[in-house]
Amino acid sequence: MAEMRAFRDAVSGWASGGPGGPASDLAVRLGVRTAVLLEGLSDLAAVEALAALRGRDLAAEGVCVVPMGGAMSVGRYAGLLGPPGLGLRLAGLCDEREQRFFDRGLQRARAPRRDIFVCAADLEDELIRALGTARVEEVVRTEGDLRPWQTFLHQPAHHGRPQQQQLRRFLGTKKGRKIRYGRLLVEALDPEQVPAPLDDLLASL
């Protein structure tokens with residue numbers, strides 16, 4: 001796992017303009033065969049949590065999950081990791097509104113798009129709908145976030161919105177909360193509740 005993190009860090013440095021040698025060397029040494037392109041760290045937390053629940057060791061399977069820091073970076077990452085670069089198989093998860101960036105980026109990298117799975121709004125929305133708002137509130141309460149949640153609900157800007165939208169917005173109001181709940185909401189799911197995009201992504205790896 002630590003070595004796969006080192007590979008991920010090397011890829012990030014490469015995407016930021018650094019040398020590609022360290023990533024290339026690690027890819028060979030670790031037997032990396034697939035790169036999973038994700039928009040951010042909350043998606044990473046969710047994918048890793050589901051893999052753990054399913055007893056999957058993605059690193060041992062040669063799969064590296066790569067948070068790109070936003071969908072607009074997909075062209076860069078696909079070019080470095082896909083056919084023009086390291087030649088890895090590419091998979092990924094994206095929000096519906098960001099699908100166009102994935103489509104264009106993969107097309108430019110001459111990479112198949114079949115293993116890119118699309119969330120209806122975003123992954124948080126998928127998880128909240130899968131669990132139901134009452135179960136999500138229970139997780140919020142268990143995690144000690146009931147008071148911030150109640151404070152959030154009393155803000156005029158959020159009055160009258162559907163509770164699902166309120167919860168989704170709440171998860172993004174504090175740095176790190178979205179990442180933490182990416183893992184927690186996955187861990188709260190029953191096996192049959194796993195949202196299709198997340199379930200299909202893991203099954204494809």
Side-chain angles (χ1 to χ4, degrees), residues 1-2 4-9 11-12 35-59 63-74 77 91-98 117-155 157-158 161-202 205:
M1 177 66 80
M4 194 60 84
R5 284 198 203 99
F7 172 69
R8 191 162 63 209
D9 291 343
V11 168
S12 178
V36 181
L37 304 179
L38 302 176
E39 294 184 41
L41 293 171
S42 61
D43 300 325
L44 171 66
V47 170
E48 289 187 334
L50 183 59
L53 289 173
R54 297 268 173 89
R56 299 277 302 273
D57 184 343
L58 296 182
V63 177
C64 184
V65 187
V66 182
M68 302 179 294
M72 287 185 289
S73 298
V74 69
Y77 278 86
L93 189 72
C94 69
D95 300 347
E96 189 174 52
R97 66 181 178 275
E98 313 294 3
F117 301 93
V118 181
C119 298
D122 56 24
L123 185 54
E124 288 74 29
D125 182 68
E126 294 272 5
L127 292 170
I128 292 167
R129 282 191 290 110
L131 283 166
T133 56
R135 181 71 179 101
V136 176
E137 279 196 304
E138 186 180 327
V139 174
V140 168
R141 186 179 302 109
T142 300
E143 288 301 306
D145 284 332
L146 182 59
R147 181 171 291 179
W149 167 235
Q150 291 174 334
T151 299
F152 173 89
L153 289 177
H154 283 96
Q155 295 172 359
H158 306 300
R161 290 188 176 185
Q163 192 172 31
Q164 182 177 325
Q165 291 182 16
Q166 292 173 330
L167 283 164
R168 181 172 165 236
R169 182 70 187 92
F170 172 72
L171 297 184
T173 55
K174 180 181 177 183
K175 186 176 180 180
R177 181 181 286 153
K178 199 172 173 183
I179 299 168
R180 183 161 57 97
Y181 277 90
R183 173 181 59 82
L184 291 169
L185 296 184
V186 167
E187 292 176 344
L189 292 166
D190 292 330
E192 67 277 6
Q193 291 179 310
V194 178
L198 185 58
D199 196 31
D200 291 344
L201 171 65
L202 196 65
L205 303 176

K.L.:
Can you tell me which residue among Val63, Val65, Leu123 is in a side-chain contact (heavy atoms from CB on, under 4.5 Å) with Val47?
P.N.:
Val65
K.L.:
For the residue pair Gln163 and Trp149, what are the closest heavy atoms and their distance?
P.N.:
NE2-CZ2, 4.0 Å
K.L.:
Measure the CG-CG distance between Leu167 and Leu131 for me, rounded to the nearest 0.5 Å.
P.N.:
10.5 Å
K.L.:
Between Val186 and Leu198, is any pair of side-chain heavy atoms under 4.5 Å apart?
P.N.:
yes
K.L.:
Below 3.5 Å, can you tabulate the donor-acceptor pairs from side chains in residues 187-194 to any protein atom, sequence neighbours excluded?
P.N.:
{"residue": "Glu187", "atom": "OE1", "partner": "Arg183", "partner atom": "NH1", "Å": "3.1"}
{"residue": "Gln193", "atom": "OE1", "partner": "Asp190", "partner atom": "N", "Å": "2.8"}
{"residue": "Gln193", "atom": "NE2", "partner": "Ala130", "partner atom": "O", "Å": "3.3"}

K.L.:
To the nearest 0.5 Å, how far apart are OG1 in Thr151 and CZ in Phe170?
P.N.:
8.5 Å
K.L.:
Tell me, which pairs form a salt bridge (charged side-chain N to carboxylate O under 4.0 Å, His left out) where one or both residues lie in residues 37-48, sequence neighbours left out?
P.N.:
Arg8-Glu48
K.L.:
State whether Asp9 and Arg5 are salt-bridged, where the test is any N-O pair (Lys NZ or Arg NE/NH1/NH2 against Asp/Glu carboxylate O) under 4.0 Å.
P.N.:
no
K.L.:
Strictly by ring-ring contact (aromatic ring centres under 6.0 Å, His included), give each pair with a member in residues 35-54 just once, sequence neighbours left out.
P.N.:
none
K.L.:
Salt bridge check: are Arg180 and Asp145 linked by an N-O gap of less than 4.0 Å?
P.N.:
yes
K.L.:
Give the intermediate values and the outcome of side chain to side chain contact (heavy atoms under 4.5 Å, CB included) for residues Leu202 and Arg54.
P.N.:
CA-CA 9 Å; Leu202 196 65; Arg54 297 268 173 89; 3.8 Å; yes
K.L.:
For Tyr77 versus Leu37, what's the shortest heavy-atom pair and its separation?
P.N.:
CB-CD2, 4.1 Å
K.L.:
Between Ile179 and Ala45, what is the shortest heavy-atom contact and its length?
P.N.:
O-CB, 3.4 Å
K.L.:
Per the side chain to side chain donor-acceptor pair (under 3.5 Å) rule, which among Arg177, Glu124, Lys178 passes with Ser42?
P.N.:
Glu124
K.L.:
Can Glu138 and Arg135 be said to form a salt bridge (Lys or Arg N to Asp or Glu O under 4.0 Å), step by step?
P.N.:
CA-CA 5 Å; Glu138 186 180 327; Arg135 181 71 179 101; 3.3 Å; yes
